[in-house]
Amino acid sequence: MNLEKIVRENIWQLKPYSCARDEFSGEASVWLDANESPYNNPYNRYPDPLQSKVKAKLAGMRGAVPEQMFLGVGSDECIDTVYRVFCNPGIDNVVAIAPSYGMYEVCADINDVAYRKAMLTEDFDIDIQAIFEKVDQHTKVVWICSPNNPTGNAFSRNSIEAICAGFAGIVVVDEAYIDFSDKGSMVGLLYKYPNLIVLQTMSKAWGSASIRLGIAFASPQIIAIFNKVKYPYNINLLTQNYALEMLNRNSEVQTWVDVTIQQRQAMAEQLAALPIVEKIFPSDANFLLARVTDADGIYNYLCNRGIVVRNRNNVPLCKGCIRFTVGTAEENTNLINALSNYGK
Ligand SMILES: *Cc1c(COP(=O)(O)O)cnc(C)c1O
């Protein structure tokens, strides 16, 4: 792959802003280089622009080296950065599986990049043929989300690899829900596919949506370009410190994941027993997509009882479907109880 041909010309040429902490990042006792206040330690100081402590910790846990990691303000920043680095506004396009996560299309619209949808099959499997049919010489990126939101299923590694191998541009695999799946991560394949970008996040399994921390794994060459495009101090100190704390609590996090997977199974069985539930789709994530008799009616009924779920009735291929996040045992019981009284 020739990265120079895929990256936007202006980005390839970009001379990045050089911040004080880029020029000197060693140990010192007197810091008079960045016009910071000398008071209110440690928040008076600009944070580490490349988040080396967080990346070092993540590296050991996720099987990648720090040079293969970019940290963003949520996956949102990673998604937007993909467009800003690779897609010329008004000229280039991307191809994405559909239905999938809404932010890929919103960021395409913001960046004036045409967004082409390759529908999944009726049983929500990836349609490789449909993806390749949408690709033309202006297609820079293919978006895959696995496990997919809102359908919940993960795609086979063979299918994803076929796209990485058969497409000359960038393939992004969003693994926001990977910790809930027994299909492994694609991070280990970064060496095999230089056009692969894998997204993960602390927002789901790690229980830290509020701190806004997303991770893009890719080749060191791609990461170096992302680093020159990002805001210099994109990840604040509070977030970096809290992320480190959570990464150190990983056995506790694994327990949350295990319990959530058990609850997902229990919830699937309880939902299936309700007459208003027509079908529950297999899930590799922390939510269940179910087809119900009257999605709008059931959604409004639950809202009136203070239970908020996601109505996917108007999403193509998801007609009649509601997406239920798996909560605590108590929350799930409240949901099932409410649903069993619907229409009574
Ligand atoms: C929830 C979710 C994310 C997380 O986004 P953040 O900006 O990291 O909170 C990313 N991708 C998908 C598909 C999601 O459902």
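Just so you know, ligand 1 is whichever comes first in the structure, and atom 1 is the first atom listed for that ligand. We number each residue from 1, following the sequence as shown.
The 12-atom threshold is not exceeded at NZ of K53, counting heavy atoms of other residues, nucleotides or ligands nearer than 6.0 Å. Within a 6.0 Å radius of CZ in F24, other residues, nucleotides and ligands contribute more than 12 heavy atoms.
Ring orientation note: the planes of Y101 and Y104 are nearly perpendicular, at an angle over 60° on the 30°/60° scale.
Within the 6.0 Å centre-distance limit, the rings of Y83 and W143 are counted as a close aromatic pair. Checked against the 6.0 Å centroid threshold, F287 and Y177 count as a close aromatic pair.
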Report every pair formed by an N or O atom of ligand 1 and a protein N or O atom separated by less than 3.5 Å, giving atom names and the distance to 0.1 Å.
from     : atom 1 : to   : atom 2 : distance (Å)
ligand 1 : 7 (O)  : S75  : N      : 3.0
ligand 1 : 7 (O)  : D76  : N      : 3.2
ligand 1 : 7 (O)  : D76  : OD1    : 3.2
ligand 1 : 7 (O)  : D76  : OD2    : 3.4
ligand 1 : 7 (O)  : R212 : NH2    : 2.6
ligand 1 : 8 (O)  : S75  : N      : 2.7
ligand 1 : 8 (O)  : S75  : OG     : 2.9
ligand 1 : 8 (O)  : T201 : OG1    : 2.6
ligand 1 : 8 (O)  : S203 : OG     : 3.4
ligand 1 : 9 (O)  : S203 : OG     : 2.7
ligand 1 : 9 (O)  : R212 : NH1    : 2.8
ligand 1 : 9 (O)  : R212 : NH2    : 3.3
ligand 1 : 11 (N) : D174 : OD1    : 3.4
ligand 1 : 11 (N) : D174 : OD2    : 2.7
ligand 1 : 15 (O) : N149 : ND2    : 2.8
ligand 1 : 15 (O) : Y177 : OH     : 2.6
ligand 1 : 15 (O) : K204 : NZ     : 3.3

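Note that K117 lies outside the cation-pi zone of Y115, set by a 6.0 Å cut-off to the ring centre and a 45° limit from the axis.
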